[in-house]
Amino acid sequence: MNELPKVYDPAQVEGRWYREWIEQNVFHADANTPKAPYTIVIPPPNVTGSLHIGHALFATLQDILTRWRRMQGYNALWLPGTDHAGIATQLVVERRLWREEQKTRQDLGREAFLERVWQWKQRSGGRILEQLKVLGASCDWPRERFTMDEGLSRAVREAFVRLYEEGLIYRARRLINWCPRCHSALSDLEVEHTDTDGKLWHIAYPVEGSSGGERLVVATTRPETLLGDTAVAVHPEDERFRHLIGRRAELPLTGRTIPIIGDAVLVDREFGTGAVKVTPGHDFNDFETGLRHGLEMISVFDADAKLNENAPAAYRGLTTKEARERVLADLKAAGLLQGEEPHKLSLGQCERCGTVVEPMLSLQWFVKTGPLARPAIEAVEQGKTRFVPENWTKTYMHWMTNIKDWCISRQLWWGHRIPAWYCAACQEPTVARETPAACARCGHKELRQDDDVLDTWFSSALWPFSTLGWPDDTKDLRTFYPTSVMETGYDIIFFWVARMMMMGLHFMKDVPFQTVFLHALVVDENGDKMSKVKGNVIDPLDVIHGATLEQLLTKAQGDGAPKEALENIKKNFPQGIPAAGADALRFTLAAMAAQGRNIRLALSRVEGYRHFANKLWNAARFTLMNLEGHDADRWHDELGSEARERLGLGDRWILSRLQRTVAEVDQALEAFKFNEAAQAIYRFLWTEFCDWYIELAKPALQGSGTPAAETRRRMAQGVLSSTLEVACRLLHPFMPFVTEEIWQQLPRPSGSSGSIMITMYPVADDTLIDAAAERSMALVQQVVTAVRNLRSEYHVGPGVPLDVTVMSADAATRAEVEAHAELIQGLGRVRELQVAPRGEPPHGTVVSVIGGDAASAGMDIDVAVNLEGQIDVAAERVRIAKDLAKTEKDLAQSQAKLEKPSFVERAPPAVVEEERRRLAESQDRIAKLKASLERLGRL
RNA sequence: GGGCGUAUAGCUCAGCGGAAGAGCAUCGGCCUUACAAGCCGAGGGUCGCAGGUUCGAACCCUGCUGCGCCCACCA
């Protein structure tokens with residue numbers, strides 16, 4: 001009746017179901033239902049290109065949470081969208097423009113360039129959403145937002161204006177980080193610091209009017225900034241220099257003189273020469289010093305970080321590097337260079353383009369963060385928002401309590417234009433929601449809007465509520481805010497999480513999310529961050545659909561990858577990437593998403609889980625082939641009542657294991673332990689359901705003729721199909737496609753819903769937990785394994801039936817074995833199964849002793865397998881001797897423990913009891929093994 | 001300078017106070033009509049090092065070492 005192919009092919013299934021789900025509109029969350037809301041807003045991917053495997057991770061985790069909660073009956077909303085990613089996207093488009101047309105953005109002009117960026121956004125954004133769909137993301141697509149769409153732009157203006165009116169946004173001339181390549185200011189967070197080997201130069205500044213030719217020697221790592229010095233500082237209590245404070249020094253190479261000041265904050269007496277040059281225009285410390293002492297502030301660099309007109313003519317137009325060389329040479333010539341020593345320093349680089357960042361004096365817009373941070377700190381202290389893993393709380397708090405004002409203006413073209421207009425007459429800004437007609441101060445009509453745009457993270461900070469309709473008071477906003485979980489990477493805890501907290505609390509008077517789950521980053525197999533240059537980037541689509549080496553290379557070339565990268569790709573993926581399907585990729589990511597450690601994605605793991613999907617598929621095939629005459633409705637009714645007492649041991653066992661697994665998965669998901677949940681399902685389906693239950697259901701499924709056999713078959717059919725059905729639902733959030741495909745074909749009670757997506761998530765039924773069945777089954781498994789073990793050692797193929805005698809001194813155990821003889825015979829391929837009390841094993845048998853080890857604790861069984869004529873006495877002696885040695889070691893350990901009075905006195909009684917039992921079992925086992933050896937000697 | 005993470009089988013990782021686990025890889029045996037992307041077995045680990053706490057430590061504490069992140073106005 002079923003025509004399922006033998007091998008599961010995700011390509012035949014995944015796209016089809018995704019389209020079907022979209023058509024059925026099952027991803028939609030309606031604000032008008034009485035169900036409890038569960039909201040996740042997506043961390044909007046940048047529209048810089050396509051998604052990488054890191055995105056696949058968040059998409060998987062968020063989809064698992066969303067599908068899980070949706071099945072639990074929540075009104076689950078996963079709100080999708082993308083981020084314009086100002087500087088990053090602009091850079092990508094600029095590079096492309098240069099590569100393809102050798103043009104700069106200035107060549108095109110602002111309007112035409114923005115046109116290009118929008119085109120790029122269209123393409124890239126579309127591609128990203130496509131990728132999410134391929135992964136199976138159950139986003140509510142009609143709600144999709146983009147940070148620069150009309151509604152969100154309105155939210156940005158509203159937020160800006162309100163903060164400005166509240167005095168929380170201001171404009172000031174300050175020292176900021178300047179990227180000479182991007183020609184823009186950057187926030188502190190956008191500067192990456194790397195340790196670099198530099199030098200510390202000692203430079204002599206002659207003291208003005210000093211009769212004895214006294215010189216003040218400063219130490220500096222940046223001699224070229226000397227041209228902008230406006231003071232020299234010493235420690236006010238430094239005996240060596242105290243007399244100089246208040247006098248002036250001659251600034252070399254410039255003809256200027258500068259004051260000598262005392263400053264205990266800036267100067268560390270122990271460091272360097274004890275004197276510091278002060279350049280308030282190009283150093284953050286010096287800037288503060290300048291403010292303290294009212295020093296002049298000179299900028300000697302222009303926007304390209306080249307020397308400007310404030311520098312002496314000889315240096316103008318030089319780059320910082322050239323200027324440094326020239327300054328050093330000139331100082332040397334003047335006899336003012338006193339020496340140099342190696343010195344480590346940290347170099348600030350632009351996060352996006354890697355250019356060395358220059359501290360520059362500049363008029364910019366800032367957010368005053370202090371008042372915003374306070375509530376954001378309190379909310380976490382009060383537990384209104386909680387971090388998972390919890391360690392991140394500390395990081396968040398540390399940053400929040402030391403927060404600095406946030407420079408939000410960027411001299412870029414791509415982004416939200418700052419809603420400030422400058423008056424041609426009085427120069428004052430008018431900040432407004434809509435283009436103002438006249439200057440708010442003087443009424444002048446000629447206004448010009450600020451050219452700059454806002455930091456991309458400004459709009460991101462509003463994301464949890466701007467996407468729900470803010471600043472309007474919408475039903476959506478009231479229903480879905482605060483969101484339930486913010487799931488994102490720990491790398492953007494400051495950039496994004498902290499700022500959402502501040503803005504959410506400020507504008508919504510409530511936290512933006514109840515839980516922040518921070519996942520680890522995906523790195524390659526060697527722990528290296530994935531990068532295009534390293535050629536170790538994995539595109540989720542390649543894992544899902546597969547890619548040959550040629551395809552990988554072609555794609556990398558298309559992205560403008562350097563030669564080195566192509567070589568690395570050849571090395572990293574010599575065979576390309578085999579197609580695994582979205583389910584397998586998702587399961588891999590979930591299984592590896594342990595908290596607190598970066599995820600080294602190994603393709604071999606993906607392959608393993610592809611096999612898992614196939615395994616499940618074949619279990620379903622088997623099930624469907626064996627359901628003739630099965631009635632789902634009848635079974636459903638029966639399981640609630642009379643059928644239970646007719647269930648076989650295997651049936652009761654697997655139902656019990658299923659309940660435990662369901663509980664385990666539930667617990668794990670509640671705690672965001674995706675890996676534990678995945679592992680529990682994997683183990684259940686493969687090790688328990690497939691390896692044991694299906695095997696022992698086979699005889700029952702084939703039975704017919706007698707009413708007893710019919711009943712047994714009916715029970716097995718019911719358990720088989722209903723267990724698989726529940727397992728599919730349990731697995732669905734992890735592997736949505738294959739579970740839907742299978743579930744659709746399984747018999748279900750009539751009236752059940754049209755998609756697994758909207759059925760109920762399994763809830764553990766404690767009445768089906770059956771400890772006795774689990775114990776009995778463990779016994780059966782032990783006996784079967786013992787038989788298989790000997791079979792394997794003696795190279796007796798599975799086709800050869802064996803005669804087995806099970807011996808136990810325990811009458812109850814014997815009864816158990818007798819009761820389940822059929823199961824043992826089936827699984828172990830045993831012809832004759834005799835049960836006997838303990839004693840001499842039958843002639844011609846080899847014996848496997850059960851009991852006394854971890855897996856068989858508490859069992860007292862000998863399994864004697866008849867291998868008449870095949871017994872290799874020498875080999876058998878080795879086997880037993882090995883076993884004996886190990887057991888003797890166990891015994892010695894137990895003895896040692898029990899001989900210690902402290903153990904017996906202080907360990908919990910149960911543990912002591914356990915140890916005593918172990919001791920006894922070891923002794924027993926040793927006796928049996930010795931008897932076996934003796935018996936062997938008589939052969 | 002502060003903070004955080006991490007070190008467990010050849011590889012990628014679970015386990016985090018009471019007898020060392022999974023997947024992949026390896027070895028042996030099986031085409032047992034759900035699955036060879038499979039089945040049945042096997043081998044493989046002084047759980048980074050040194051101390052300490054405890055009756056008992058892979059697990060808790062301290063120190064050290066290696067690797068990796070983050071923060072900091074490290075002339």
Side-chain angles (χ1 to χ4, degrees), chain A residues 4 6-8 193 195 200-201 218-222 233 265-268 271-279 283-289 343-346 359 389 391-392 394-395 398-399 402 490-491 493-494 520-521 523 525 527-529 578 588 591-592 594 596-605 607-626 675-676 679 682-683 687 690-691 694-695 698 785 788-793 795-799 829 853-855 857 890 893-894 897 900-908 910-912 914-915 918:
Chain A
L4 295 189
K6 217 166 145 178
V7 172
Y8 176 63
H193 295 274
D195 284 337
L200 197 58
W201 284 278
V218 302
T220 180
T221 55
R222 297 206 58 190
V265 179
L266 181 70
V267 183
D268 173 359
F271 187 89
T273 59
V276 186
K277 62 194 271 311
V278 184
T279 323
D283 182 283
F284 287 97
N285 288 319
D286 295 1
F287 178 75
E288 295 298 325
T289 309
H343 185 76
K344 290 236 187 284
L345 69 154
S346 86
N391 322 23
W392 291 110
K394 212 168 167 180
T395 306
H398 181 257
W399 190 77
N402 294 290
Y490 66 77
D491 54 333
I493 184 167
F494 306 138
L521 270 29
V523 294
E525 225 156 319
D528 291 331
K529 212 171 158 178
T588 310
M592 298 187 80
R597 175 208 282 243
N598 281 346
I599 298 170
R600 299 189 187 202
L601 185 71
L603 288 177
S604 62
R605 287 289 289 266
E607 198 184 348
Y609 294 123
R610 184 182 108 226
H611 296 175
F612 176 54
N614 192 55
K615 186 75 180 173
L616 176 63
W617 179 254
N618 275 289
R621 281 182 65 218
F622 175 81
T623 302
L624 292 168
M625 283 175 193
N626 285 285
N675 57 323
E676 287 181 13
Q679 203 201 345
Y682 183 94
R683 190 215 60 236
T687 314
C690 290
D691 288 353
I694 285 186
E695 289 311 317
K698 278 177 183 174
T785 302
R788 285 173 177 169
N789 210 315
L790 290 172
R791 186 189 285 280
S792 181
E793 291 206 25
H795 298 290
V796 179
R829 296 183 182 247
D853 67 356
D890 290 348
Q893 243 169 33
S894 295
K897 267 194 185 178
K900 263 169 65 177
S902 55
F903 173 73
V904 182
E905 282 158 25
R906 307 180 81 151
V911 173
V912 177
E914 169 84 6
E915 202 57 48
R918 244 181 244 168

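These numbers were taken from a predicted model, which means no experiment stands behind them. We use all heavy atoms of the structure for the numbers below, so side chains are in, but hydrogens, waters and symmetry mates are not. Residue numbering restarts at 1 for every chain, and letters A, B, ... go by the order of the sequence lines.
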Expressed as a whole number of angstroms, how long is the span from Asn402(A):CG to C70(B):P? 18 Å

Closer than 4.0 Å, any side-chain N/O of Asn598(A) to the OP1 or OP2 of G68(B)? no

Just checking Ala233(A): base, sugar-phosphate only, or nothing, at a heavy-atom cut-off of under 4.0 Å? nothing

May I ask you to evaluate whether Arg605(A) reaches the phosphate of G23(B), defined as a side-chain N or O under 4.0 Å from OP1 or OP2? no

Can you tell me how far C1' in U53(B) sits from the matching atom in A72(B), rounded to whole Å? 35 Å

Report all interatomic pairs (protein N or O, nucleotide N or O of nucleotides 7-10 of chain B) with separations under 3.5 Å.
residue: A7(B); atom: OP1; partner: Arg597(A); partner atom: NH2; Å: 3.0

Touch check for Phe494(A), heavy atoms < 4.0 angstrom, all strands: base, sugar-phosphate only, or nothing? sugar-phosphate

Pick base, sugar-phosphate or nothing for Pro901(A), based on heavy-atom distances below 4.0 Å to the nucleic acid. nothing

Over all strands shown, is Thr220(A) touching base, sugar-phosphate only, or nothing at heavy-atom distances under 4.0 angstrom? sugar-phosphate

Show the distances under 3.5 angstrom between N or O atoms of the protein and N or O atoms of nucleotides 32-40 of chain B.
residue: A34(B); atom: OP1; partner: Lys698(A); partner atom: NZ; Å: 3.2
residue: A34(B); atom: O2'; partner: Asn618(A); partner atom: OD1; Å: 2.7
residue: A34(B); atom: O2'; partner: Arg621(A); partner atom: NH1; Å: 2.7
residue: A34(B); atom: N6; partner: Cys690(A); partner atom: O; Å: 3.2
residue: A34(B); atom: N6; partner: Glu695(A); partner atom: OE2; Å: 3.3
residue: A34(B); atom: N3; partner: Asn618(A); partner atom: O; Å: 3.1
residue: A34(B); atom: N3; partner: Ala619(A); partner atom: N; Å: 3.4
residue: C35(B); atom: O4'; partner: Asn618(A); partner atom: OD1; Å: 2.8
residue: C35(B); atom: O4'; partner: Asn618(A); partner atom: ND2; Å: 3.4
residue: C35(B); atom: O2'; partner: Asn614(A); partner atom: ND2; Å: 3.3
residue: C35(B); atom: O2'; partner: Asn618(A); partner atom: ND2; Å: 3.4
residue: C35(B); atom: O2; partner: Lys615(A); partner atom: NZ; Å: 3.0
residue: C35(B); atom: N3; partner: Lys615(A); partner atom: NZ; Å: 2.8
residue: A37(B); atom: O4'; partner: His611(A); partner atom: NE2; Å: 2.9
residue: A37(B); atom: O2'; partner: Asn614(A); partner atom: ND2; Å: 3.2
residue: G38(B); atom: OP1; partner: His611(A); partner atom: ND1; Å: 3.0
residue: G38(B); atom: O3'; partner: Lys615(A); partner atom: NZ; Å: 3.0
residue: C39(B); atom: OP1; partner: Lys615(A); partner atom: NZ; Å: 2.8
residue: C39(B); atom: OP1; partner: Trp686(A); partner atom: NE1; Å: 2.7
residue: C39(B); atom: OP1; partner: Asp691(A); partner atom: OD1; Å: 3.4
residue: C40(B); atom: O3'; partner: Arg788(A); partner atom: NH1; Å: 3.4

Would you mind reading off the distance between Glu793(A) atom CD and C27(B) atom P, rounded to a whole angstrom? 19 Å

Calculate the interatomic distance between Ile599(A) atom CD1 and U12(B) atom P; express it in whole Å. 15 Å

Please report the distance separating the C1' of C60(B) from the corresponding atom of A25(B), rounded so that it comes out in whole Å. 35 Å

Which of the following nucleotides, G5(B), G15(B), A75(B), is nearest to the side chain of Glu676(A)? G15(B)

Would you mind reading off the distance between Arg918(A) atom CZ and G18(B) atom C1', rounded to a whole angstrom? 8 Å

Between G45(B) and A20(B), how many Å separate the two P atoms, rounded to a whole number? 14 Å

Just to be sure I understand the rule, does Phe284(A) reach a base, reach only the sugar-phosphate, or reach nothing, if contact means heavy atoms closer than 4.0 Å? nothing

If you look at every strand shown and take non-hydrogen atoms under 4.0 Å, does Glu288(A) touch a base, only sugar-phosphate, or nothing? nothing

To the side chain of Arg600(A), which of G18(B), C71(B), C13(B) is closest? C13(B)

How many whole angstroms separate atom CE of Met592(A) from atom P of A22(B)? 17 Å

Rounded to whole Å, the CD-C1' distance (Glu905(A) to G18(B)) equals 18 Å

Determine the contact category for Lys394(A): base if any of its heavy atoms lies under 4.0 Å from a base atom, sugar-phosphate if only primed atoms, P, OP1 or OP2 are that close, otherwise nothing. sugar-phosphate

Pairing annotation in dot-bracket form, given for RNA chain B with Watson-Crick or G-U pairs under 3.5 Å and | for cross-strand partners: ((((((((.[[[[.)..(..]]]].(((((.......))))).....[[[[[..)....]]]]])))))))....

Base, sugar-phosphate alone, or nothing: which one does Arg683(A) contact when heavy atoms must sit under 4.0 Å apart? nothing

Just how far, in rounded Å, is C1' of G68(B) from CG of Asp195(A)? 14 Å

Leu601(A) CG to U12(B) P, straight-line distance once rounded to whole Å: 12 Å

Using the six-membered ring wherever Trp is involved, compare the ring planes of Trp617(A) and Tyr8(A) and label them parallel, tilted or perpendicular (cut-offs 30° and 60°). tilted

Distance criterion of 3.5 Å, no angle test: do you see the side chain of Ser346(A) paired donor-to-acceptor with the base of C74(B)? yes

Between C27(B) and G66(B), how far apart are the C1' atoms? Round to whole Å, please. 33 Å

